[in-house]
Amino acid sequence: MNTWRNASLAVTAVALLALTTACGQEPGTASPNGQAVGNAAPAQRPAEGGYGSDGGYGSDAAADEAPKEAGQLAVWDSKELGKVLTDSAGFTLYRFDKDTAEPPASNCEGDCAKAWPAVPAQNAEAPAGADASLMGEVTRADGTKQLTVAGWPLYRYAEDTGPGDANGQGVGGTWFAAAPDGKKASVNADGASAGEQADLAGLSVRKDPELGDIVVDKRGMTVYRFKKDSAWPMKSACTGDCLKKWPVVGPVPKNDVDGVTTKGFVTFNRPDGIQQQSLDCWPLYTFSGDAEPGDTNGQGVGGTWYAVSPDAKLVGAPKQHSGEAW
């Protein structure tokens with residue numbers, strides 16, 4: 001009789017432990033609203049970067065030189081990057097994710113501008129076969145005119161020493177070679193930057209210059225959490241039209257993550273029938289207002305949407321004394 005009772009208590013204890021640790025405690029366990037996916041893979045962090053070497057900005061070799069005119073622009077067909085815009089001497093031209101195209105504005109000044117000299121607008125001509133109407137100019141803080149393509153200000157990189165160099169590609173996760181149409185140079189079918197996400201895992205880490213380490217999906221798009229959601233029980237407060245602005249992150253195999261926690265790594269079976277990936281049992285989303293990898297336009301929206309850290313925390317959200325631990 002005692003043996004049967006002890007066995008019964010043991011089974012009950014195991015069931016209770018499984019219930020309380022199912023979501024948000026132990027990796028690879030199932031949730032009442034979800035299911036575990038795949039096996040864990042070794043986590044690796046991407047290399048850190050600022051603007052380049054030498055104190056995080058790059059070489060100061062050209063700091064005191066007058067900016068060189070671009071002249072007749074050309075297009076370099078790179079095997080790794082696709083079609084890349086160059087100046088008349090064959091030097092790669094770049095764009096900066098922290099700039100804006102609508103309206104055109106440069107956010108690279110001071111030491112940044114020493115590493116990334118602005119391309120003067122004067123006497124610049126469109127490359128053969130390109131749309132000349134995309135070319136324009138923006139007035140910088142010092143009053144000089146900088147060349148733009150499709151509204152994006154263009155730069156050279158001080159550490160490119162010869163034609164065909166593209167040492168600035170992907171620096172800091174914000175600098176990318178420019179394509180003739182002003183987009184990021186790419187060889188991928190979906191138009192995504194080759195340097196940004198050629199071989200990204202389903203979920204990985206990108207170092208944002210303002211937010212630090214944040215989670216991105218396979219396309220390199222920023223991943224967000226919604227403060228109105230809950231992890232236990234797992235529940236999404238984003239439904240209907242909300243999902244048009246904040247699409248869910250679909251299921252990701254656990255062996256397809258890099259540098260991201262696999263705690264509470266389960267698929268959330270939403271009431272609307274959509275399957276959604278979670279981290280630490282928090283449902284994950286992207287933002288329709290992010291047009292390209294590196295965009296973080298969803299950060300802080302409504303005081304409820306925030307980028308996600310590699311350990312599934314809200315990045316940059318005001319700390320709170322109840323609910324989620326910080």
Side-chain angles (χ1 to χ4, degrees), residues 23-25 27 31 33-34 43 45-46 48 97-98 100 107 172-174 196-197 200-252 257-268 270 272 274-326:
C23 198
Q25 300 299 323
S31 159
N33 296 312
R45 291 296 182 90
E48 296 184 3
D97 277 357
K98 295 304 176 182
T100 60
N107 289 304
T174 54
E196 178 83 351
Q197 54 231 256
L200 287 185
L203 290 175
S204 62
V205 180
R206 182 178 72 81
K207 179 169 285 296
D208 185 87
E210 294 182 0
L211 302 178
D213 287 345
I214 59 175
V215 178
V216 297
D217 69 7
K218 192 170 186 63
R219 301 169 298 150
M221 305 302 290
T222 302
V223 170
Y224 299 90
R225 272 184 44 194
F226 188 27
K227 288 185 69 175
K228 294 183 180 181
D229 287 352
S230 65
W232 186 261
M234 190 185 295
K235 184 178 180 180
S236 169
C238 181
T239 60
D241 288 341
C242 174
L243 291 177
K244 296 179 181 178
K245 290 186 177 180
W246 302 92
V248 307
V249 174
V252 177
V257 297
D258 186 0
V260 180
T261 182
T262 52
K263 177 184 177 183
F265 194 89
V266 297
T267 299
F268 173 39
R270 298 171 54 91
D272 52 19
I274 299 174
Q275 290 192 318
Q276 183 173 12
Q277 184 60 51
S278 71
L279 285 182
D280 200 11
C281 298
W282 291 97
L284 302 179
Y285 308 81
T286 55
F287 182 44
S288 63
D290 286 346
E292 298 179 332
D295 286 351
T296 55
N297 298 316
Q299 177 67 6
V301 168
T304 55
W305 291 93
Y306 293 93
V308 181
S309 71
D311 60 356
K313 302 296 184 182
L314 298 170
V315 175
K319 293 185 177 181
Q320 55 191 34
H321 299 291
S322 61
E324 181 187 1
W326 287 80

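Residue numbers start at 1 and run along the sequence shown.
A donor-acceptor pair is defined here as one N or O able to donate and one able to accept, closer than 3.5 Å; no such pair exists between the side chain of Gln276 and the backbone of Pro283. Checking side-chain atoms of Thr304 against main-chain N and O of Lys227 turns up no donor-acceptor pair under 3.5 Å. Looking only at distances, a side-chain donor or acceptor of Ser278 sits under 3.5 Å from a matching main-chain atom of Gly264. With hydrogens and angles disregarded, a donor-acceptor distance shorter than 3.5 Å links the side chain of Arg225 to the backbone of Ala312. No donor-acceptor pair under 3.5 Å is formed between the side chain of Asp295 and the backbone N or O of Asn297.
Contact annotation: the side chain of Leu284 approaches that of Leu203 to within less than 4.5 Å [non-hydrogen atoms, C-beta and beyond]. Between Lys235 and Asp229 the shortest side-chain heavy-atom distance does not fall below 4.5 Å. With contacts defined as side-chain heavy-atom distances shorter than 4.5 Å, the pair Gln275/Val248 does not qualify. The side-chain heavy atoms of Lys98 and Asp208, taken from C-beta on, include a pair separated by under 4.5 Å.
Of the inter-residue distances, the one linking Met234 atom CE with Asp280 atom CG reads 9.0 Å to the nearest 0.5 angstrom. In this structure, CZ in Arg219 is found 12.0 Å from CD in Glu292, a value given to the nearest 0.5 Å. How far CG of Asp258 is from CG of Leu200: 9.0 Å, rounded to the nearest 0.5 Å. To the nearest 0.5 Å, atoms CG (Leu314) and OG (Ser309) are separated by 8.0 Å.
Contact record, Ile214 with Ala307: CG2-CB, 4.0 Å, taken as the closest heavy-atom pair. Ser288 and Pro247 make their closest contact through N-CD, 4.0 Å (heavy atoms, listed as atom of the first residue, atom of the second, distance). Smallest separation of non-hydrogen atoms from Pro293 and Asp97: O-OD2, 3.4 Å. Shortest non-hydrogen contact noted between Asp213 and Lys207 is OD1-NZ, 3.2 Å. Minimum heavy-atom separation, Ser230 to Pro233: OG-O, 2.6 Å. In terms of heavy atoms, Pro318 sits closest to Tyr306 at CD-OH, 3.5 Å.
Between Asp272 and Arg270, at least one side-chain N (NZ, or NE/NH1/NH2) sits under 4.0 Å from a carboxylate O, which counts as a salt bridge.
Partner of Leu279 under the side-chain contact (heavy atoms from CB on, under 4.5 Å) criterion, chosen from Val260, Val266, Asp311, Val223: Val260. A ring-ring contact (aromatic ring centres under 6.0 Å, His included) with Tyr224 is found for one member of Trp305, Trp246, Trp282, Tyr285 and no other, namely Trp246.
Counted within 6.0 Å of NZ on Lys245, heavy atoms from surrounding residues, nucleotides or ligands total 12 or fewer; the atom is thus considered open.
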Mind running side chain to side chain contact (heavy atoms under 4.5 Å, CB included) on Glu210 and Thr296 for me, showing each step along the way?
-> CA-CA 10 Å; Glu210 294 182 0; Thr296 55; 5.7 Å; no
